[in-house]
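Remember, it's 1-based here, ligands and their atoms both numbered in the order they're listed. Being a predicted model, the structure only gives us computed values, none of them experimental.
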Amino acid sequence: MRVSVIGTGYLGATTAACLAELGFEVLGLDVDEAKIELLRSGSVPFYEPGLEELLTRGLDAGRLSFTTSFPEAAEFADVHLICVGTPQRDDSGAADLRYVNSAVELLAPHLTRPAVVVGRSTVPVGTAATLAARLRELAPADEEAELGWSPEFLREGFGVEDTLNPNRIVLGTDSRRVEKVVRELWQKQIDEGVPFLVTDLQTAELVKVSANAFLATKISFINAMAEVSEAAGADVIQLAEALSHDDRIGGKFLGPGLGFGGGCLPKDIRAFMARADELGVEPALSFLREVDAINQRRRARTIDIARELIGGDFSGTSVTVLGAAFKPNSDDIRDSPALDVAATVASLGARVTVYDPQAMDRAREAYPQLGYAPTMADAVRGADVVLLLTEWAEFREAHPDEIGEAVAHKRIVDGRNALDPTFWRASGWTYRALGRQ
Ligand code: UDX
């Protein structure tokens, strides 16, 4: 079976390389010429562990190629996977559907023989039904051009693993043919016991957004407990551990700290609320407004703690920010809590120096007003306070004595509860974290 993957961003490039690895002939398509050139040369335009090896293997084996031409993709493939982005619209929290819409508009007129189109992008519930109708309208193949929706659940940094070993495959369709094609794509995984759930289009769309809403809620829940813990003299880390032993609650996504960012959770909960509003069920999701507000408050609280530590005023101080990516093992800075905090602290008069193992180029481009250092050792030199805002292994494993020799004052705010407070305090540091005394 020959597959086209439309959109070669984080999701599309990973999907294309993984399907080639599984033995399919894959053509990746993007409207961005520069990105296609990079991929053709075997380079991944973002940091994702393990992806470059797969890309190179696919290219070398002749199973993976790239194009910017929709007619070529239509001619080449029997199944087309839509993997384009659905960013947040500037004017509202709603999802911007221009890229998914244009993928269908540009592909459909070239579908002259039977074809299956499967969306993987995260879309507001109801989008797929509209696109299915539009596809039938535009495709010369008419009823023989069918659309299903199969959301992805990849975590950045684990994209390859999550694609090759997913915890479930969900497909929204009422077409036997669409189901057969998607089963064939993931036959290996289904044979290995991965649950394959077939639903209607709307349920499939909802699975994705509700999963992300649940994860965001879980993080904000523990961060709300962090607020209460600070006020009441309790310790949120011990609290989270004690909660995690109840297997109805579980310990995953119960990590208190600076909260969630990235290209998915923040925009997905906002788009979900906007869609609920359109559907007339706004109160059903009004709790997500609180989830978002708790998350934003974590950033403000981190800044307050740092300000307290340096004596109440940032002006003229040297602040080191460790971390720029929204989470470790990624160079993605979309809605990064770390950079949001860094920029605010700089606007309050501090000289801010940022270091991140992977996200420096992106950070520098988006936040030129901040200072950047090439290594952690350079970044901490002369700091009045160090803020650990993304929990890269390099920071978790840093030795307090070594860093202590370079800084002006041994003060640290552990925004991710990533360090051992006893160890750092024993080395003479004033250590502060969210949700702890
Ligand atoms: C998320 C979903 O996990 C994934 O299934 C979906 O397909 C896309 O959105 P991702 O954005 O890659 O994936 O990041 P994730 O690992 O979920 O982390 C999201 C944010 O939550 C990060 O900023 C992380 O630092 C934060 N987080 C995570 C916490 O603050 N505490 C936790 O306990 C876990």
**Student:** Can the positive tip of R63 be found less than 6.0 Å from the middle of the six-membered ring of F24, inside 45° of the ring normal?
**Tutor:**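 No, a cation-pi geometry is absent between R63 and F24.
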
**Student:** Kindly confirm or rule out a cation-pi arrangement of R275 over F272, judged by NZ or CZ under 6.0 Å from the six-membered ring centre and within 45° of its axis?
**Tutor:** no

**Student:** Kindly say whether T217 contributes a backbone atom to a donor-acceptor pair with the side chain of S220 at under 3.5 angstrom?
**Tutor:** no

**Student:** Are the aromatic ring centres of Y10 and F46 under 6.0 angstrom apart?
**Tutor:** yes

**Student:** Which residue in the set L171, I82, L185 passes side chain to side chain contact (heavy atoms under 4.5 Å, CB included) when paired with S150?
**Tutor:**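 Single side chain to side chain contact (heavy atoms under 4.5 Å, CB included) partner of S150 among L171, I82, L185: L171.
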
**Student:** Is K252 near ligand 1, meaning one of its heavy atoms is under 4.0 Å from it?
**Tutor:**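 Outside the 4.0 Å threshold, so no.
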
**Student:** Do any N/O atoms on F326 end up under 3.5 angstrom from N/O atoms on ligand 1?
**Tutor:** yes

**Student:** Examine ligand 1 and decide if any of its atoms is less than 4.0 Å from a heavy atom belonging to G262.
**Tutor:**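 Not so, G262 does not reach ligand 1.
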
**Student:** Hey, looking at atom 19 (C) of ligand 1, which of D268, N212, L265 has the closest heavy atom?
**Tutor:** L265

**Student:** Thinking salt bridges, do E391 and K327 make one under a 4.0 Å N-O criterion?
**Tutor:** no

**Student:** Among all the protein's non-hydrogen atoms, which is closest to atom 25 (O) of ligand 1, and how far away is it?
**Tutor:** R416 NH1, 3.5 Å

**Student:** Applying a 4.0 Å heavy-atom criterion (strictly less than), which segment of L215 is in contact with ligand 1: side chain, backbone, both, or neither?
**Tutor:**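 It is the side chain that gets close, since no backbone atom is under 4.0 Å.
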
**Student:** Considering heavy atoms of the protein only, find what lies nearest to atom 21 (O) of ligand 1 and give residue, atom and distance to 0.1 Å.
**Tutor:** F260 CB, 3.2 Å

**Student:** Heavy-atom distance to atom 7 (O) of ligand 1: which of N417, L258, L154 wins?
**Tutor:**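 Of the listed residues, L154 has the closest heavy atom.
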
**Student:** Can you tell whether the side chains of E25 and R2 come within less than 4.0 Å, N to carboxylate O?
**Tutor:** yes

**Student:** Hey, looking at atom 15 (P) of ligand 1, which of K208, K327, R155, E156 has the closest heavy atom?
**Tutor:** K327

**Student:** Can you report which non-hydrogen protein atom sits closest to atom 5 (O) of ligand 1, along with the distance?
**Tutor:**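 I find the closest protein heavy atom is F153 O, 3.1 Å.
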
**Student:** Measuring centre to centre across the rings, with the benzene-like ring taken for any Trp, is F70 within less than 6.0 Å of H80?
**Tutor:** no

**Student:** Using heavy-atom distances only, which candidate in I219, L254, D332 approaches atom 27 (N) of ligand 1 most closely?
**Tutor:**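 It is I219 whose heavy atom sits nearest to atom 27 (N) of ligand 1.
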
**Student:** Tell me: protein heavy atom nearest atom 17 (O) of ligand 1, and distance?
**Tutor:** F253 CZ, 3.1 Å

**Student:** Please report which non-hydrogen protein atom sits nearest to atom 33 (O) of ligand 1, along with the residue it belongs to and the distance in Å to one decimal place.
**Tutor:** G255 N, 2.8 Å

**Student:** Is E227 salt-bridged to R301, going by a charged N under 4.0 Å from an acidic O?
**Tutor:**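 Here E227 does not pair with R301 in a salt bridge, since their nearest N and O are not under 4.0 Å apart.
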
**Student:** Answer yes or no for G261: is there a heavy-atom contact with ligand 1 below 4.0 Å?
**Tutor:**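 Yes, G261 has a heavy atom closer than 4.0 Å to ligand 1.
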
**Student:** Hey, is K218 one of the residues with a heavy atom under 4.0 angstrom from ligand 1?
**Tutor:** no

**Student:** Between C264 and ligand 1, does any nitrogen or oxygen pair lie at a separation below 3.5 Å?
**Tutor:**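 By distance alone, the answer is no.
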
**Student:** For atom CZ of F221, is the number of surrounding heavy atoms from other residues, nucleotides or ligands below 6.0 Å larger than 12?
**Tutor:**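 Atom CZ in F221 is not packed in, count stays at 12 or less.
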
